[in-house]
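Right, one structure below, let's go through it.
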Amino acid sequence: MLNINHIETGNYVNGTGKRLVIWFQGCHFHCKNCGNPDTWSFVEKNLYSVQDLFNIIINESLLDGITFSGGEPFLQAKELAELAKEIKTHTNLTIQSFTGFELDEITESSQKELLQYIDTLIYGRFDSTKPQNNQKIWHNPNGNDNWQFNNSDIEIDLDINGYASLSGFPNSDFIKMIKDIQNERI
C-alpha cells in the first residue's frame, strides 16, 4: 500500500500539460521553507494499492502525464516502481517526479528501478534561498519528455464555496495576499 497525502487532477504547474499529481505522505528531509510540511509525517493518511491508483489514472480523461510529489516519493519506491511500470506499459503518459534525494543518493534497487520509468526528475534538497530552490533537472535519456522546471509557476483553484487552494511554487508574500483576500470574503 502506498501512503498518499492527496491526489489532484487537472494540474498544469507540476509538469508538462494536464497532470494528475500524487502527493506522497512521509518525508525525512524536512527542508527549510518546504511548501508541503503537512506531508512530512509518516503516519498513515490515505492508503492506496498500486491497482487503485492505476485505476484512478486511467479513468481520468485527457491527461498528458503523472507527477509524483511529496512528501518523498522515493521513500515508497518499491510499490511506486510497480505503479510507474503499469503507467509506462499501458499508457502513453509521461512521468515526472520531485525528490529531495541527490542522484548519487538513489542507491536502493527499488529506487533505481523507479528512476528508469521517470521521464523528468526534479531532484535535490529544497532551499528557497537559492535559484531554482537548489533543485536540478534530470531527463531520462530513454524518456519522451523534457519538461523545463520553472519554480515560479502558480495555479489557484477555487472550490464551489470560494476556498482557494494553491499549487506550484508560490512565495510567502503571495500566500499571505491570497489568505488576506480569502479572509475578506463576504
Side-chain angles (χ1 to χ4, degrees), residues 1-84 86-87 91 93-101 114 117-123 125-126 128 133 135 147 149-172 174-176 178-179 182:
M1 299 299 279
L2 290 157
N3 192 9
I4 305 300
N5 181 279
H6 70 285
I7 299 169
E8 183 179 337
T9 59
N11 183 290
Y12 292 88
V13 296
N14 285 290
T16 305
K18 182 181 177 186
R19 318 290 302 169
L20 182 140
V21 182
I22 303 171
W23 276 270
F24 289 81
Q25 186 67 38
C27 182
H28 64 296
F29 291 121
H30 298 189
C31 299
K32 185 177 179 179
N33 296 323
C34 170
N36 303 318
D38 58 313
T39 65
W40 290 356
S41 171
F42 287 92
V43 173
E44 291 179 356
K45 184 147 185 179
N46 300 295
L47 298 179
Y48 289 86
S49 71
V50 168
Q51 190 60 54
D52 290 339
L53 287 173
F54 185 68
N55 288 342
I56 290 169
I57 291 165
I58 62 172
N59 287 316
E60 186 62 35
S61 64
L62 304 173
L63 288 177
D64 294 299
I66 309 302
T67 300
F68 304 142
S69 193
E72 178 49 63
F74 276 75
L75 293 178
Q76 300 185 55
K78 184 175 188 234
E79 287 182 298
L80 187 52
E82 293 175 30
L83 176 61
E86 286 295 304
I87 293 166
T91 77
L93 300 173
T94 61
I95 299 177
Q96 297 161 353
S97 184
F98 290 86
T99 184
F101 285 99
L114 172 58
Y117 298 113
I118 292 174
D119 296 292
T120 300
L121 181 71
I122 308 304
Y123 68 95
R125 309 294 191 279
F126 179 87
S128 64
N133 299 329
Q135 295 174 306
W147 175 43
F149 170 58
N150 177 351
N151 71 340
S152 62
D153 290 342
I154 301 169
E155 180 174 300
I156 303 170
D157 293 309
L158 299 173
D159 70 14
I160 59 172
N161 297 314
Y163 291 101
S165 64
L166 296 173
S167 187
F169 308 92
N171 62 35
S172 58
F174 185 83
I175 293 171
K176 182 183 180 316
I178 293 297
K179 286 180 179 178
Q182 188 173 8

Residues L75, F42; criterion side chain to side chain contact (heavy atoms under 4.5 Å, CB included); working and verdict:
CA-CA 10 Å; L75 293 178; F42 287 92; 3.7 Å; yes
Taking all non-hydrogen atoms of both residues, which atom of [X] and which atom of [Y] are closest, and how far apart?
X   : Y    : value
L63 : I57  : CD1-O, 3.9 Å
A84 : Y117 : CB-CB, 3.6 Å
L62 : K18  : O-CD, 3.4 Å

Spatial distance of atom [atom1] ([X]) from atom [atom2] ([Y]) [nearest 0.5 Å]:
X    : Y   : atom1 : atom2 : result
I122 : S69 : CD1   : OG    : 10.5 Å
L20  : I66 : CG    : CD1   : 4.5 Å
L53  : M1  : CG    : CE    : 8.5 Å
N14  : I22 : CG    : CD1   : 12.0 Å
I118 : F68 : CD1   : CZ    : 6.5 Å

Only counting residues at least two apart or in another chain, list the ones meeting side chain to side chain donor-acceptor pair (under 3.5 Å) with E72.
T99
N/O donor to acceptor pairs below 3.5 angstrom from side-chain atoms of residues 28-36, sequence neighbours left out:
unit_1: H30; atom_1: NE2; unit_2: C27; atom_2: O; d: 3.0
unit_1: N33; atom_1: ND2; unit_2: S128; atom_2: OG; d: 3.0
unit_1: N36; atom_1: ND2; unit_2: G70; atom_2: O; d: 2.9

Would you say the side-chain atoms of [X] pair up with the backbone N or O of [Y], donor to acceptor, closer than 3.5 Å?
X   : Y   : answer
Q76 : Q25 : yes
N11 : R19 : no
Q96 : T67 : no
N5  : F24 : no
N3  : K45 : yes

Quick one, L114 with L80, criterion side chain to side chain contact (heavy atoms under 4.5 Å, CB included). Give me CA distance, side-chain angles, the key distance, then yes/no.
CA-CA 7 Å; L114 172 58; L80 187 52; 3.7 Å; yes
With T91, which residues qualify under side-chain contact (heavy atoms from CB on, under 4.5 Å), at least two apart?
F54, I58, I87, L93
